[in-house]
K.L.:
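Below: one structure in structure tokens.
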Amino acid sequence: EGLLTKGVQLTFSLVMLFSFPLQLLPAIRIVEGLFLQPSRPMTWDKHVKSSFRVVFVALVAVTSVCGATSLDHFVSLIGAVCGLPLAFIFPAICHKSLVAAPRSLDAIVDVALVALGMVMTVCVGTHTVMTWGS
């Protein structure tokens, strides 16, 4: 491994480190909206929100450390939980809501795709968790 390889790895690490707040902002805003009330300036609410953000970042760090022990399984689990619904379930729900007439063939196909996506998500997720240590 030469100097160029180490330089690229260092640069990539710095980019990930410095872009983490930008990647975290949309997720933390969504999660804060679920658990916390909007805070007022110069009140105790700001400390609660800051503590919540620290705990959230700690959970992300623990998840990454646990997932790093078996990266292939971790990626497979993320794909099952996030990728399969994104590919099968959400498009079918949107199509059924926007385009498909009730009780039409399109609506039946959309419901079948949602069911297939749910079954695949459960099967792939279960298989990943069951084979995690092997």
Side-chain angles (χ1 to χ4, degrees):
E1 295 192 16
L3 188 61
L4 181 63
T5 304
K6 292 293 184 188
V8 169
Q9 289 174 346
L10 177 66
T11 305
F12 181 74
S13 299
L14 289 174
V15 166
M16 289 296 107
L17 181 68
F18 291 133
S19 67
F20 182 73
L22 297 173
Q23 296 171 21
L24 184 69
L25 182 66
I28 199 77
R29 290 268 170 98
I30 291 170
V31 175
E32 281 177 354
L34 295 173
F35 294 109
L36 300 175
Q37 306 261 337
S39 60
R40 300 172 307 267
M42 305 300 287
T43 61
W44 184 252
D45 298 346
K46 291 289 186 183
H47 297 293
V48 171
K49 190 175 270 191
S50 295
S51 299
F52 183 81
R53 289 176 179 173
V54 167
V55 169
F56 191 83
V57 169
L59 285 173
V60 169
V62 167
T63 303
S64 68
V65 168
C66 291
T69 59
S70 183
L71 186 61
D72 57 336
H73 287 96
F74 185 70
V75 170
S76 178
L77 187 63
I78 296 300
V81 173
C82 301
L84 284 171
L86 192 62
F88 288 97
I89 298 172
F90 299 141
I93 290 173
C94 290
H95 182 264
K96 186 176 182 312
S97 300
L98 298 174
V99 178
R103 296 192 174 111
S104 67
L105 181 61
D106 287 343
I108 293 169
V109 170
D110 288 337
V111 170
L113 282 172
V114 169
L116 176 69
M118 288 179 172
V119 168
M120 288 173 53
T121 299
V122 170
C123 289
V124 172
T126 303
H127 180 266
T128 300
V129 170
M130 290 179 72
T131 60
W132 193 281
S134 58

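Numbers for residues simply follow the sequence, beginning at 1. Any value given below was found using the heavy atoms of this structure, including those in side chains, with hydrogens, waters and symmetry copies removed. The structure presented is a predicted model; accordingly, all values stated were derived computationally and were not measured.
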K.L.:
Give, for atom OG of Ser51 and atom CZ of Phe56, the distance between the pair rounded to the nearest 0.5 Å.
P.N.:
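If we round to the nearest 0.5 Å, Ser51:OG and Phe56:CZ are 15.0 Å apart.
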K.L.:
Among residues two or more places apart or on two chains, list those pairs meeting side chain to side chain donor-acceptor pair (under 3.5 Å) that have a residue in residues 16-29.
P.N.:
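As it turns out, the side chain to side chain donor-acceptor pair (under 3.5 Å) pairs with a partner in residues 16-29, which skip direct neighbours, are Ser19-Gln23.
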K.L.:
Show the nearest heavy-atom pair for residues Ala92 and Leu113, with the distance to one decimal.
P.N.:
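Taking every non-hydrogen atom into account, CB-CB, 3.9 Å.
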K.L.:
Which pairs count as ring-ring contact (aromatic ring centres under 6.0 Å, His included) when at least one residue sits in residues 90-134, sequence neighbours excluded?
P.N.:
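Residue pairs with at least one partner in residues 90-134: His73-Trp132.
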K.L.:
Rounded to the nearest 0.5 Å, how far does CD1 of Ile30 lie from CG of Leu25?
P.N.:
10.0 Å
K.L.:
Looking at residues at least two apart in the chain, or sitting in another chain, which of them share a side chain to side chain contact (heavy atoms under 4.5 Å, CB included) with Phe52?
P.N.:
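Once residues adjacent in sequence are excluded, the partners of Phe52 under the side chain to side chain contact (heavy atoms under 4.5 Å, CB included) criterion are Ile28, Val31, Glu32, Phe35, Leu36.
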K.L.:
Minimum heavy-atom separation for Gly125 to Ala80, with atom names?
P.N.:
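Looks like N-CB, 3.8 Å.
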K.L.:
If Ile, Leu, Val, Met, Phe, Trp and Tyr residues are connected whenever their side-chain heavy atoms lie under 4.5 Å apart, and connections chain through other members, are Val57 and Val48 in the same group?
P.N.:
yes
K.L.:
Spell out, yes or no, whether Val81 and Val119 are grouped together once hydrophobic residues are joined by side-chain heavy atoms under 4.5 Å, including indirect joins.
P.N.:
no
K.L.:
Give a yes or no on whether Val114 and Ile108 share a hydrophobic cluster (residues Ile, Leu, Val, Met, Phe, Trp, Tyr; joining criterion: side-chain heavy atoms under 4.5 Å apart).
P.N.:
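Per the 4.5 Å side-chain linkage, Val114 and Ile108 are not co-clustered.
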K.L.:
Could you measure the distance from the CG atom of Leu77 to the SG atom of Cys82? Nearest 0.5 Å is fine.
P.N.:
8.5 Å
K.L.:
How would you list all residue pairs meeting side chain to side chain donor-acceptor pair (under 3.5 Å) that involve residues 55-69, not counting sequence neighbours?
P.N.:
none
K.L.:
List in chain and number order the residues that pass side chain to side chain contact (heavy atoms under 4.5 Å, CB included) with Thr126, two or more places apart in sequence or in another chain; answer none if no residue qualifies.
P.N.:
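With sequence neighbours excluded, Thr126 shows a side chain to side chain contact (heavy atoms under 4.5 Å, CB included) to Val122, Met130, given in chain and number order.
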K.L.:
Between Met120 and Leu116, is the side chain to side chain contact (heavy atoms under 4.5 Å, CB included) condition met? List the steps.
P.N.:
CA-CA 6 Å; Met120 288 173 53; Leu116 176 69; 3.7 Å; yes
K.L.:
Quick one: hydrophobic cluster around Phe12, which other residues, with the 4.5 Å side-chain cut-off, linked directly or via members?
P.N.:
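Once heavy-atom contacts under 4.5 Å are chained together, Phe12 belongs with Val15, Met16.
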K.L.:
Please report the interatomic distance OG(Ser50) to NZ(Lys46), rounded to the nearest 0.5 Å.
P.N.:
8.0 Å
K.L.:
Taking CG in Leu10 as the centre, count heavy atoms belonging to other residues, nucleotides or ligands within less than 6.0 Å. Is the count above 12?
P.N.:
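Correct, the count exceeds 12.
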K.L.:
Write down the atom of Val111, the atom of Lys96, and the distance for their closest heavy-atom approach.
P.N.:
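Residues Val111 and Lys96, closest heavy atoms: CG2-CE, 3.6 Å.
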K.L.:
Quick one: does Thr128's side chain have a donor or acceptor within less than 3.5 Å of a partner on Val124's backbone?
P.N.:
yes
K.L.:
Please answer: with hydrophobic residues joined when any side-chain heavy atoms are less than 4.5 Å apart, are Val109 and Leu84 in the same cluster?
P.N.:
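Same cluster.
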K.L.:
Any idea which heavy atoms bring Pro91 and Pro85 closest together, and the distance?
P.N.:
CD-O, 4.0 Å
K.L.:
Taking a hydrophobic cluster as the set of Ile, Leu, Val, Met, Phe, Trp and Tyr residues connected by side-chain heavy atoms closer than 4.5 Å, whether directly or through intermediates, do Phe74 and Leu59 fall within one such cluster?
P.N.:
no
